[in-house]
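Working notes, structure below.
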Amino acid sequence: MFSGDISEKKRRKVVYCETFPNTIQSIFCLMKTIIYVIIAGTLLFLSSCSKSGTKALERGDFYEAVLQATEKLRKDSDNSKSSAVLPEAYRNAQREFLRDIDHAKNANQQFRWEAVLNYYTKLNNMQDAIDKCTACRRLVTPQSYYREEEEARENAAAERYAVASDLMKRPSRESARMAYNHFEQLMSFAPNYRDTRDRMEDALNVASLHVVLEQPKLNSRLFQYSNDYFQGQIDDFLRNNRRMNKFVRFYSPQEAKSVKLVPDQVVRLEFLDFVVGETNVQTDRLKVTSKDSVKTGEATINGKKVPVYDKVSAQLIRSHKAVRSRGILSLEIFDYQTNRALSREEIPGEFTWVNDWATFNGDERALSPADKALAQRREELPPSPQQLFIEFTKPIYSQVTSKIKRFYERY
């Protein structure tokens, strides 16, 4: 590591520079060396200061100063800055936390035990960090507060549990949501407290809006197979979005029936109208002529055969077939108890299959490169009606899922 003195290699560079004091090269070389020394020295200084805890101590963040100093001493047991920081930072952090604990205990505030728990946790974090560092233990003898931390955890959990349980006694979804949030907070610091997990699930069930998403109705046996594909997409959507957000739970009709669910809302899908395979063919006939003259034959002039050049033409028949399929799906969201419509939209979807080809009579050289490529293509059969139905429902599916997500974002 760079120690602040110029290395032997750099000394040689300086000597080389001094050998030619009047040359541009010597000046450039000397500047490079000076810059190197400055940069290396700066990096060394920053490296020695980084994470030593000095800055954290200066700004009064004693807890962070302890953690930084212990981390530094674990890597470098002889670090003088961290060795100086650690005892002072720990002493101040301990005094500060114990003072805050006394204030919190005496405060007439709800959830004050969680504040007490937080302070004791930090005191024990410092003790853990110091115990893991041999050099740190020579500088500080930390005090353990595990018994106090567990006592604070028990008191904090009991207080949060009581508030959540009281809210669960109120017959409203909003109260259940508040209770769920309290149980969730409780789980963050005491996950094994009593029956919190079960009570949290109960609260979530009461707090949630239960929605049945029906499969789309289709009054056509011919396209039932294609409708099965769309229904499969809806099933996939349900599997991946059981909960659109924390408090909205979706069910398929089969799931709702199996759990004897009385839903809050129902999403109904129905194809109102659709047309599959509407075919339109357009044919253009035109005469085309080559852009440049080409060899069309030979002629004998003065007993010699010479090539004859002229423009050539052809009769081109361009054909364009478009097979259009389209439909409209009704998306309605109802309140199950009142059967009142909360939202109603008609979602269109369309798919057009296209086939272009051409034929010609005459000289092929009259055709442009694009026309030649088109002439190599032939008329094709369109996809089956079943596939066409599937294709026009794809954009409908993406719109349906987006609209459902947007509607339930507010819940």
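When reading the values below, keep in mind they use all heavy atoms of this one structure, side chains included, and skip hydrogens, waters and symmetry mates.
- Side-chain polar atoms of Y397 and D236 form no donor-acceptor pair below 3.5 angstrom.
- Close placement of the Y411 and Y408 rings is indicated, their centers lying within 6.0 Å of each other.
- Residues V116 and A104 share a closest heavy-atom pair of CG2-CB, 3.7 Å.
- Of the possible polar contacts, one joining the S252 side chain to the E255 backbone as a donor-acceptor pair under 3.5 Å is found.
- Ring to ring, F271 and F389 are close: their centroids are under 6.0 angstrom apart.
- Below 30°, between 30° and 60°, or above 60°: for F237 and F250 the angle between ring planes is above 60°, a perpendicular geometry.
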Evaluate side chain to side chain contact (heavy atoms under 4.5 Å, CB included) for R324 paired with V275, printing each intermediate quantity in order.
CA-CA 8 Å; R324 185 183 179 205; V275 176; over 6 Å; no

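- When all heavy atoms of K403 and L331 are compared, the closest pair comes out as CB-CD2, 3.9 Å.
- Not one N or O on the side chain of H210 forms a donor-acceptor pair closer than 3.5 Å with the backbone of V248.
- Between the side chain of S83 and the main chain of N79, a donor-acceptor pair closer than 3.5 Å is present.
- The two residues E346 and P348 make their nearest non-hydrogen contact at O-CD, 3.6 Å.
- In summary, of the residues considered (Y146, Y90, Y145), a side-chain hydrogen bond (donor to acceptor under 3.5 Å, both in side chains) with Q127 occurs for Y146 alone.
- For the side-chain contact (heavy atoms from CB on, under 4.5 Å) test with Y120, the passing option among R153, E149, E150 is E149; the others fail.
- Using modelled atom types and a 3.5 Å distance limit, the side chains of D202 and Y180 yield no donor-acceptor pair.
- Of the candidates E154, E184, E114, E114 is the only one forming a salt bridge (charged side-chain N to carboxylate O under 4.0 Å, His left out) with R160.
- S208 and R243 share a side-chain donor-acceptor pair at under 3.5 Å.
- To the nearest 0.5 Å, atoms CG (D131) and CG (N124) are separated by 10.0 Å.
- S188 places a side-chain N or O within 3.5 Å of a backbone atom of Q185 that can act as its donor or acceptor partner.
- Scanning all heavy atoms of the two residues, the minimum distance from L367 to D371 falls at CB-CB, 4.0 Å.
- The cationic group of K295 does not satisfy the cation-pi geometry with Y309, failing either the under 6.0 Å distance to the six-membered ring centre or the 45° limit from the ring axis.
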